[in-house]
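Just the heavy atoms: all of them, side chains too, but no hydrogens, waters or symmetry mates, feed the values below. Predicted, not measured: the structure shown is a model, and the values here were computed from it. Quick note: residue numbers are just sequence positions, from 1.
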Amino acid sequence: MTGAAFAAGAGDPAAAAFRRASAAMFVVDHEGHVLLANRAFGELVGRTPDEIAGCLWPELFSEPGQAWELHRAATHRAPQQAQRSLTLVGVDGAQPRVIVEPCPLDGGGEEAGPAAGLVVVCHRPMRDEEMLRAVTELRTENSDTALWTLDLSTGELGELFGPSPLGRLLAGDNRTLEECLARVHRDDIARLRDAMEASYQGRDYEQRFRMFDQVGEERWLHARARYLDSGGPRLVGVVDDVTEHVQLVRRLADRRRIEATKGRRVNELAAKLVSATTVDEVAGLLTEQFAPIFDSDAAGIVLVEDGKLTVRPVGGSVSEAVRMIDGRPADDPSLPVGAVLQDRQPRFFESRAELLDRFPDTEELLHRVEGQSWAIVPVFGDSRVALGVWAVSWNQPHHAAPDERALMLTLAGLAGQALQRVSHQQAELELADAVQRRMLPPQLPEFPDLDIAVRYLPSRAGWRVCGDFYDAIELPGDRIGLVVGDVQGHGVEAAAAMGQIRVAFRAYATNQIDPGVVLAETNRLLSETGEIVFATCGYLVLDLNNGEMQAAWAGQPPAIIATSESFEVWAPETGPPVGVDGDSKYPVTSRRLAAGETLLMCSDGLVESSELHMEEGLRQVGVALQNMATDLHAAATSLADLTPAGRGDDIAFVLARKR
């Protein structure tokens with residue numbers, strides 16, 4: 001449209017709105033000449049609209065090059081946002097800063113050709129910019145935040161509203177990107193540069209990285225920036241110091257890791273508590289292994305035995321306060337332990353004053369201990385019978401949190417179950433031991449030229465009456481029969497079979513000198529009973545006059561003959577276990593036992609287990625016997641303590657030494 005054509009229609013409402021609009025606007029043709037300007041734009045530059053008409057509009061600004069770029073982009077409908085902050089040149093010397101936004105006049109779409117003209121709108125900067133700056137400075141003054149800008153064409157860094165505390169701490173006098181990147185952590189520098197390269201392509205920026213400040217401290221920073229093209233390509237953004245947040249996250253992660261580790265340890269120790277087989281094992285878990293879970297300095301378990309308090313384990317590392325009450329009456333209400341046993345309620349004391357206020361009689365105890373806080377938890381058995389208490393102490397004031405208290409009560413409950421089970425097992429083991437010993441010979445015969453020592457060791461793998469046995473039978477002709485056997489199985493049947501075999505041996509041995517015949521007759525007797533019971537055994541006849549030994553073996557481990565200088569594994573020829581085949585025969589092997597030599601016959605429980613091969617077990621026993629071959633009874637005691645195969649099975653052995 002020509003100026004005349006536009007003026008001809010100026011009387012319409014749209015033209016009136018253009019002239020009187022509060023926003024400064026002017027219309028230009030495709031060559032950049034001003035066709036019309038409204039009153040607001042004339043007031044902005046101090047000229048009348050008529051004086052402005054015909055001017056090339058980019059020449060009205062102090063940055064004409066940037067204005068022409070805007071003109072060409074808007075005329076050719078460039079997809080990029082066509083607006084920039086430019087400075088107007090006023091006739092009175094004023095240079096107002098405005099945001100210039102040219103728009104195609106004909107409103108054609110992207111498919112249309114170049115625009116015939118433009119409407120250029122000039123927005124005045126916000127009048128509240130100073131207020132915004134003041135608020136921003138207040139916000140950044142006492143916080144770990146800085147507002148920054150990076151000129152992508154020069155690499156210069158700056159802060160939007162002047163130096164901030166964080167900016168001074170991070171950058172100091174450095175004002176270039178490379179100077180700041182030189183203090184970035186070496187593990188983050190490559191990632192940071194890659195992100196910066198993307199910003200040169202017109203992308204926004206966001207990174208979290210580590211940087212060393214002016215005093216050399218490592219800091220975690222979170223930087224965000226928006227890419228702006230107005231006034232030249234640049235990034236404008238915010239950088240926050242998130243070091244405390246990262247450290248907090250790490251502490252929480254460490255805490256979760258510690259709690260997970262502690263949880264696994266509690267589960268493992270609880271499993272041990274459930275499988276404990278002795279009172280001292282239960283006490284040891286509570287005092288030595290569970291106490292560190294609660295960061296305590298000492299702990300102890302106090303049991304009620306015959307109405308008195310008994311500290312367990314005896315000689316263990318327990319609190320001195322707990323040890324001082326050992327032997328006192330269990331129903332003494334003046335002590336915290338007695339009160340807990342009476343009402344069966346746990347008690348937690350966070351300080352000495354709290355304990356003294358409730359139990360004044362503990363003053364003397366407190367003078368002799370370092371504890372400052374205590375937890376005393378009842379240990380229950382069946383029907384909530386109080387078996388004792390578990391006491392935990394800290395040398396610093398300690399508050400037991402609800403989850404900590406709940407865990408203590410849970411563990412005390414498991415300990416009560418374990419103690420109850422151990423008590424029952426102990427009674428059953430004592431009964432089994434008594435039954436077994438009643439079936440063994442009460443007294444061995446005595447010979448002037450022969451020392452004999454025997455041992456029977458019941459299994460500790462649980463309640464079971466087993467069938468291991470030994471015997472020494474006085475025979476005619478100055479002879480002695482020695483036998484060691486192991487009946488298959490456990491329980492009453494095995495014990496009964498053991499008694500039957502031992503009686504059979506005695507009956508046949510008194511009438512038969514040949515040990516092979518004695519074994520064969522015993523084997524036939526067992527086979528004829530029809531019971532599915534068999535036994536390994538070794539039977540040996542020793543002539544006390546010349547030391548001649550005749551041995552018949554039925555699957556029994558070899559014997560050991562030792563002196564103080566050496567030992568020998570003697571393996572007599574063996575037949576099958578008795579009770580397997582009624583027609584079996586048992587060969588006889590002969591050897592002489594010299595004066596000073598010690599003979600060992602044993603069941604397999606002494607030298608063999610699932611973890612120990614028999615050859616190694618025999619070697620260990622032989623070495624032990626060699627070291628103590630001159631003292632028969634001391635050697636028997638030593639072997640009973642050694643038990644290289646453990647105590648998972650019964651053990652019976654006979655030692656004989658010819659003088």
Side-chain angles (χ1 to χ4, degrees), residues 1-127 129 152-153 202 226-234:
M1 296 177 62
T2 63
F6 190 87
D12 62 66
F18 173 80
R19 289 194 304 272
R20 294 177 173 81
S22 59
M25 294 184 290
F26 55 89
V27 180
V28 300
D29 60 19
H30 69 281
E31 294 178 351
H33 295 95
V34 177
L35 301 178
L36 292 173
N38 69 355
R39 185 182 304 169
F41 183 77
E43 294 174 352
L44 193 61
V45 296
R47 300 167 66 179
T48 65
D50 292 337
E51 292 174 338
I52 300 171
C55 296
L56 291 171
W57 75 270
E59 305 299 332
L60 300 175
F61 295 88
S62 60
E63 306 94 341
Q66 296 184 31
W68 279 117
E69 289 181 8
L70 276 178
H71 179 84
R72 287 190 291 271
T75 302
H76 292 87
R77 313 179 192 279
Q80 299 292 337
Q81 185 177 10
Q83 65 175 24
R84 284 190 184 178
S85 176
L86 302 176
T87 303
L88 278 168
V89 179
V91 294
D92 56 355
Q95 292 185 323
R97 189 80 173 174
V98 294
I99 297 175
V100 180
E101 182 179 6
C103 303
L105 183 63
D106 56 8
E110 294 182 2
E111 300 296 332
L118 305 174
V119 175
V120 181
V121 183
C122 299
H123 305 286
R124 291 296 302 269
M126 294 180 58
R127 296 180 180 178
E129 181 179 343
L152 294 176
S153 60
R226 179 66 49 81
Y227 176 83
L228 299 179
D229 193 26
S230 58
R234 56 183 174 146

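- Put simply, the side chain of Val120 does not reach to within 4.5 Å of the side chain of Glu101, judged on heavy atoms.
- Across every non-hydrogen atom of Pro233 and Tyr227, the tightest pair is CB-OH, 3.5 Å.
- Considering every non-hydrogen atom in both Leu70 and Leu86, the closest pair reads CD1-CD1, 4.1 Å.
- Nearest approach of Ala40 to Ala21, heavy atoms of both residues: CB-O, 3.5 Å.
- Residue Asn38 comes nearest to Arg19 through the heavy atom pair CB-O, 3.7 Å, listed as atom of the first residue, atom of the second, then distance.
- Residues Phe26 and Cys122 meet the side-chain proximity criterion, which asks for heavy atoms closer than 4.5 Å.
- A pairwise comparison of heavy atoms in Val28 and Val34 identifies CG1-CA, 3.9 Å as the closest pair.
- Looking at every heavy atom in both residues, Pro104 comes nearest to Ala115 through CB-CB, 3.9 Å.
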Might you work through the side-chain contact (heavy atoms from CB on, under 4.5 Å) test for Gln66 and Val100, ending with a clear yes or no?
CA-CA 10 Å; Gln66 296 184 31; Val100 180; over 6 Å; no

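- Put simply, CD1 on Ile52 and CZ on Phe41 are 5.0 Å apart, with the number rounded to the nearest 0.5 Å.
- Rounded to the nearest 0.5 angstrom, Leu56 CG and Trp68 CH2 are separated by 5.0 Å.
- A donor-acceptor distance shorter than 3.5 angstrom exists from the side chain of His76 to the backbone of Arg72, with no hydrogens or angles considered.
- Between the CZ atom in Arg47 and the CG atom in Leu60 there is a gap of 6.5 Å [rounded to 0.5 Å].
- Atom NE2 of His123 and atom CZ of Arg97 lie 14.5 Å apart (nearest 0.5 Å).
- Around the NE2 atom of His30, the shell of radius 6.0 Å holds no more than 12 heavy atoms that belong to other residues, nucleotides or ligands.
- Of the possible donor and acceptor atoms, none in the side chain of Glu59 sits under 3.5 Å from a partner among the backbone N and O of Pro64.
- In this structure, CD on Glu31 lies 15.0 Å from CH2 on Trp57, to the nearest 0.5 angstrom.
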Begin with the C-alpha distance, continue with both residues' side-chain angles, and end with the deciding distance and a verdict on side-chain contact (heavy atoms from CB on, under 4.5 Å) for Val119 and Val27.
CA-CA 5 Å; Val119 175; Val27 180; 4.3 Å; yes

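- Of the inter-residue distances, the one linking Leu36 atom CG with Asp50 atom CG reads 9.0 Å to the nearest 0.5 angstrom.
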